[in-house]
Amino acid sequence: MKQNIYDNETFYTLYDEMRNDDKKLSANDLIEIPTIRGMLPDLRGKRVLDLGCGYGDNCAYFAESGAKYVLGTDISEHMIGIAKSTHMNSNCKFQVLAMEDISSIPDKFDIVISSLAFHYVEDFDKLLKDIHKLLKENGLLIFSQEHPIGTGTILNDACNEEDCIDLGNKNYFLVSDYNVNGKRIVDWNNCKVVKYHRNFSCIINTLQRQNFKIEDILEPTPSDEVLAKKPRYKNQFDKPYFLFIKAKKL
Ligand SMILES: C[S@@+](CC[C@H](N)C(=O)[O-])C[C@H]1O[C@@H](n2cnc3c(N)ncnc32)[C@H](O)[C@@H]1O
């Protein structure tokens with residue numbers, strides 16, 4: 001079942017506020033975006049597909065980095081509407097399309113990228129099978145997702161994700177249900193948001209089963225520069241927010 005929460009006004013009003021904060025201190029700005037961009041190969045002359053492209057900022061970056069064709073797709077009309085109006089002068093193309101339906105794309109790509117969107121898709125095998133077909137020979141898949149150490153935990157009403165206990169001057173975070181893969185419903189931006197938890201072995205084994213060779217896995221920690229701007233992110237040494245994988249089509 002697909003959920004299109006980014007077209008829900010209650011949700012996107014708060015999400016847009018968080019992402020458009022001009023202090024640029026979100027974990028997206030300080031950690032996720034620099035890490036995924038750092039994993040890119042030389043994009044000159046390449047054809048790139050961005051799945052769950054959101055506002056299209058990465059797409060514009062790929063085009064500025066020399067990609068000859070960039071297609072950004074997203075389930076949300078709201079996000080694609082902003083992508084089109086913000087980047088109308090770039091040579092990127094944007095399309096409302098769910099990741100569950102990408103087999104309808106007629107093109108082939110050198111690189112498929114996705115930032116923080118795969119955990120919204122239930123059938124990871126099918127998603128990877130469809131991506132495999134869209135990639136040219138030796139094509140690359142580069143994606144980030146919420147880290148499985150965080151997506152598994154089922155919290156009751158009295159707890160939230162940032163809760164931790166201090167023992168001997170150190171933070172210990174809550175983890176539960178890590179080895180129970182499947183649907184999670186989390187409270188975010190005053191909405192019930194559906195995500196799918198997959199433990200590490202499920203992610204790795206599904207990539208292998210769908211004929212991808214893993215080239216790189218990152219669980220980034222904040223640099224000193226990031227910590228100076230946002231000291232709270234030191235908690236990522238204990239519990240990373242994001243997982244990044246680069247894999248090649250076999
Ligand atoms: C956390 S945002 C990330 C957006 C963008 N990639 C970025 O990094 O700024 C997740 C995006 O995934 C999109 N999304 C969620 N479920 C989707 C689905 N089933 N198919 C396509 N896009 C989806 C949302 O609409 C949203 O734009």
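Counting starts at 1 for both ligands and their atoms, following the listed order.
Taking distance alone, with nitrogen or oxygen atoms compared against 3.5 Å, Asn58 stays at or beyond that limit from ligand 1. When only interatomic distances are considered, the shortest N/O to N/O separation between Lys2 and ligand 1 does not fall below 3.5 Å. Every N/O-N/O distance between Asp50 and ligand 1 stays at or above 3.5 Å. Note: an N/O pair closer than 3.5 Å links Gly52 and ligand 1 by distance alone.
Among protein heavy atoms, atom 3 (C) of ligand 1 sits closest to Ser115 O, 3.5 Å. Scanning all protein heavy atoms for the shortest distance to atom 1 (C) of ligand 1 gives Tyr6 OH, 3.1 Å. Distance from atom 22 (N) of ligand 1 to its nearest protein heavy atom, with residue and atom name: Ile75 N, 3.2 Å. Of all protein heavy atoms, the one lying nearest to atom 20 (N) of ligand 1 is Met99 N, 2.8 Å. Counting only heavy atoms of the protein, atom 26 (C) of ligand 1 lies nearest to Asp74 OD2, 3.5 Å. Of all protein heavy atoms, the one closest to atom 12 (O) of ligand 1 is Ala117 CB, 3.6 Å.
Two residues are said to be in side-chain contact when any heavy atoms from C-beta on lie closer than 4.5 Å; Arg184 and Asp177 meet this criterion. For the pair Leu128/Leu141, a side-chain contact is recorded, criterion being any heavy-atom separation below 4.5 Å from C-beta on. In this structure, the side chains of Leu40 and Tyr61 come closer than 4.5 Å at one or more pairs of heavy atoms. Side-chain contact between Pro222 and Phe237 is present, with at least one heavy-atom pair separated by less than 4.5 Å.
Not close to ligand 1: Asn28, with no non-hydrogen atom less than 4.0 angstrom away.
Sparse packing is recorded around NZ of Lys68, with 12 or fewer heavy atoms of other residues, nucleotides or ligands lying under 6.0 Å away.
At a heavy-atom distance under 4.0 Å, only side-chain atoms of Tyr15, from C-beta outward, approach ligand 1. Here Cys53 has backbone heavy atoms under 4.0 Å from ligand 1, and that is the only part of it that gets that close.
For the side chain to side chain donor-acceptor pair (under 3.5 Å) with His147, the lone residue among Gln236, Glu219, Lys239 that qualifies is Glu219.
His78 and Asp16 form a side-chain donor-acceptor contact under 3.5 Å, judged by distance and modelled atom types alone. Under 3.5 Å, the side chains of Tyr196 and Asp123 contain no donor-acceptor pair of N or O atoms.
For ligand 1, the atoms sitting less than 4.0 Å from at least one non-hydrogen atom of Met79 are 27 (O), numbered in the order shown with element in parentheses. The ligand atoms of ligand 1 that sit less than 4.0 angstrom from a heavy atom of Tyr120 are 10 (C), 15 (C), 16 (N). Distances below 4.0 Å separate heavy atoms of Ser76 from the following atoms of ligand 1: 25 (O). Ligand 1 places these atoms under 4.0 Å from at least one heavy atom of Leu116: 1 (C), 10 (C). Those atoms of ligand 1 that come under 4.0 Å of a heavy atom in Leu97, given as number and element, are 21 (C). Heavy-atom contacts of Arg19 reach the following atoms of ligand 1: 7 (C), 9 (O) (cutoff under 4.0 Å). When each atom of ligand 1 is checked for a heavy atom of Glu100 under 4.0 Å away, the hits are 18 (C), 19 (N), 20 (N).
Side-chain atoms of Lys249 come within 3.5 Å of backbone N or O of His132 as a donor-acceptor pair.
Counting all heavy atoms, side chain and backbone alike, Ser144 lies closest to Glu32 at OG-OE2, 2.6 Å. Leu71 and Phe109 make their closest contact through CD2-CZ, 4.0 Å (heavy atoms, listed as atom of the first residue, atom of the second, distance).
Because its NZ or CZ atom is not both nearer than 6.0 Å to the ring centre of Tyr55 and within 45° of the ring axis, Arg19 does not count as a cation-pi partner of that residue.
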